[in-house]
Amino acid sequence: MRGLMQDYPLTIDAIFRHVEQHYGDGTIVTGSPTGPVRSTYAEWAVRTRKLGGVLDTLGISADGRVGTFGWNSQRHLELYFAAPSTGRVLHTLNIRLFPEQLTYIANHAEDEVVFVDRTVLPLFWKLVDTMTTVRHVVVMDDGGDNEIPDDPRVLDYETLLAQAQPVDFGVTDENLAASMCYTSGTTGNPKGVVYTHRSTFLHTMAVIAPNVFGLGVRDVAMPVVPMFHANAWGIAQAAPAAGASLVMPGPMMAPEALAQLIVDEGVTFTAGVPTIWQGVLPHLAGKPHTLREIGCGGSAVPKALSEAYREQVGLPILQAWGMTETHPVASSAALPLAYLDADDDTKADRRARAGTPLFGVEARIVDAETLEPQPWDDTATGELQVRGPWCAQDYYNPDAGVELTTRDGWMKTGDVAAMDEHGSIRIADRTKDLIKSGGEWISSVDLENAIMSHPKVKEAAVVGIPHPKWDERPLACVVLKDGETATEADILDHIRPLVAKWWMPDAVEFIDEVPKTSVGKFSKKDLRSRFAEYELRS
Ligand code: ADP
């Protein structure tokens with residue numbers, strides 16, 4: 001017997017209509033060099049429908065790729081909805097990528113138009129002739145005085161919008177492509193992930209829920225995670241869908257400016273990678289604020305950072321785990337029932353995990369070769385694999401040999417994890433960052449956590465260094481807090497009681513800064529090449 005309910009398509013224009021009809025008074029604030037620019041969802045909705053008209057006038061193909069190259073802003077949010085709601089595919093380009101990667105990605109996706117913030121226009125313009133499919137460059141004037149090239153491809157966003165007619169939205173096939181995003185590709189070429197309307201709709205519902213971001217009309221949400229980094233983790237869709245107001249930092253991404261926005265604009269929910277919160281902490285500590293949740297992921301959230309927020313800002317960090325391939329949010333470390341009354345240190349340990357898969361996502365740990373399931377005893381590790389309606393099945397036209405899905409239909413994450421008896425995930429490492437010593441694996445994440453609990457340490461990244469006898473041994477690269485001094489012995493003495501004896505780093509190097517990737521994560525690749533010739537003493 002078949003069910004008798006409507007086959008209502010789960011599309012992005014359905015989210016749009018909900019916001020347009022019910023939350024017109026919600027506000028959108030965009031940071032700019034001349035101060036915050038204020039608007040409402042009602043104004044945004046009118047402009048978004050007109051932007052649909054602009055895409056028609058520009059002659060963008062029915063499923064043409066609409067590139068963006070900009071900060072988090074109201075205009076970017078207009079593009080987030082206008083492109084997919086007219087059947088086009090939004091393609092967010094990462095403004096911090098290397099030029100060759102940007103060229104590769106724009107050509108691979110076949111972007112027809114790219115919408116570019118004026119503050120980053122010079123970065124983009126020098127590449128425009130290498131992007132073979134780009135016919136139009138639409139400049140969004142977000143301030144600054146960067147010269148606007150006199151070129152027939154260049155158009156002005158506000159002029160186009162003023163001349164445009166609003167359009168009706170009506171995507172009926174929920175499995176159409178809605179947007180695409182490339183992973184940074186630490187090995188090989190960047191890989192394109194193509195989201196559907198359906199996956200976006202379901203991910204939006206999932207992250208609004210209380211165990212994840214818990215968004216509602218009383219919230220003021222500020223995505224610090226860029227809209228080009230895995231969909232701003234879904235916040236740019238989830239906040240409007242839940243009627244929450246939005247604060248978009250625009251180019252005002254300095255830690256001090258972010259703290260100021262949090263305080264001035266009454267932000268209740270925000271999210272970004274650990275390095276962002278590391279930088280913001282001294283500017284927020286002791287200030288009056290209305291935050292109820294700080295989401296963080298993209299790499300392991302050190303226990304020490306979360307605890308520093310609990311002590312100095314009044315709330316710990318909520319860790320989430322995910323990948324571009326999982327839309328990206330797939331698990332959250334909201335405390336399980338059994339730990340709600342635990343002591344502070346036990347709770348802090350739980351928060352240092354990737355946590356429980358979101359409702360809708362299933363997770364398992366298996367031997368990567370045999371797919372043999374590993375026990376959920378929080379000790380055994382295996383490759384973390386996931387499945388669910390917002391997990392990718394394939395990449396977009398991948399290079400030969402790149403396979404995302406196992407023969408039994410699970411998505412390979414490339415992360416190594418343990419799971420406890422309730423299936424809470426603890427990420428040990430990325431497969432490629434594990435340190436192989438004497439045939440056993442050492443988790444760089446656990447070592448970093450231990451080192452970062454030293455009160456004088458600001459950041460620590462541990463990489464494997466080739467070793468003639470053991471294959472690899474850990475080297476700890478440590479950044480001290482401003483004005484602090486410490487010796488190798490201080491660091492090693494601190495972690496000795498915290499880690500297994502054979503995990504102890506063979507050496508500690510004090511460095512000025514841990515190199516970061518284009519989305520602000522520790523770049524182990526850069527560290528490994530910096531210390532490629534490193535001679536370990538033992
Ligand atoms: P890339 O870093 O290649 O740009 P993603 O942003 O999609 O791609 O990164 C996904 C990866 O980030 C995951 O596979 C995992 O290794 C890491 N990651 C994300 N969240 C966490 C977390 N909470 N703890 C540990 N690692 C994480």
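Whatever order the structure lists ligands and atoms in, that order sets their numbers, starting from 1.
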Side chain to side chain donor-acceptor pair (under 3.5 Å) assessment of Arg351 paired with Ser306:
CA-CA 8 Å; Arg351 293 190 190 105; Ser306 189; 5.3 Å; no

Heavy-atom contact under 4.0 Å between Asp415 and ligand 1?
yes

Where do Ser437 and Glu472 land on the side chain to side chain contact (heavy atoms under 4.5 Å, CB included) test, with the steps shown first?
CA-CA 5 Å; Ser437 174; Glu472 278 184 338; 5.6 Å; no

For atom 8 (O) of ligand 1, which candidate among Lys191, His327, Arg430 holds the nearest heavy atom?
Arg430

Using the six-membered ring wherever Trp is involved, compare the ring planes of Trp470 and His467 and label them parallel, tilted or perpendicular (cut-offs 30° and 60°).
tilted

Cut-off 3.5 Å, side chains only: do Thr381 and Trp441 have a donor facing an acceptor?
no

Does ligand 1 have any atom that is closer than 4.0 Å to a heavy atom of Ala230?
no

One finds that the ligand 1 atoms under 4.0 Å from a non-hydrogen atom of Gln319 are 22 (C), 23 (N), 24 (N)

Looking at ligand 1, does any of its N/O atoms fall within less than 3.5 Å of an N/O of Val519?
no

Quick note on ligand 1: atoms under 4.0 Å from a heavy atom of Ala320 include exactly 20 (N), 22 (C), 23 (N)

Shortest reach to atom 26 (N) of ligand 1 by a heavy atom, considering only Ala352, Ala417, Ser299
Ser299

Need the ligand 1 atom indices (1-based, order shown) with element for anything under 4.0 Å from a heavy-atom of Met323.
7 (O), 10 (C), 13 (C), 14 (O)

Against heavy atoms of His229, which atoms of ligand 1 measure under 4.0 Å?
6 (O)

Decide whether the shortest distance between a heavy atom of Pro328 and an atom of ligand 1 is less than 4.0 Å.
no

When you measure from the side chain of Lys521 to the backbone N and O of Lys516, does any donor-acceptor pair fall under 3.5 Å?
no

Sole residue of Trp390, Trp233, Tyr195 in ring-ring contact (aromatic ring centres under 6.0 Å, His included) with His327
Tyr195

Do Ser444 and Asp433 have a side chain donor and acceptor closer than 3.5 Å?
no

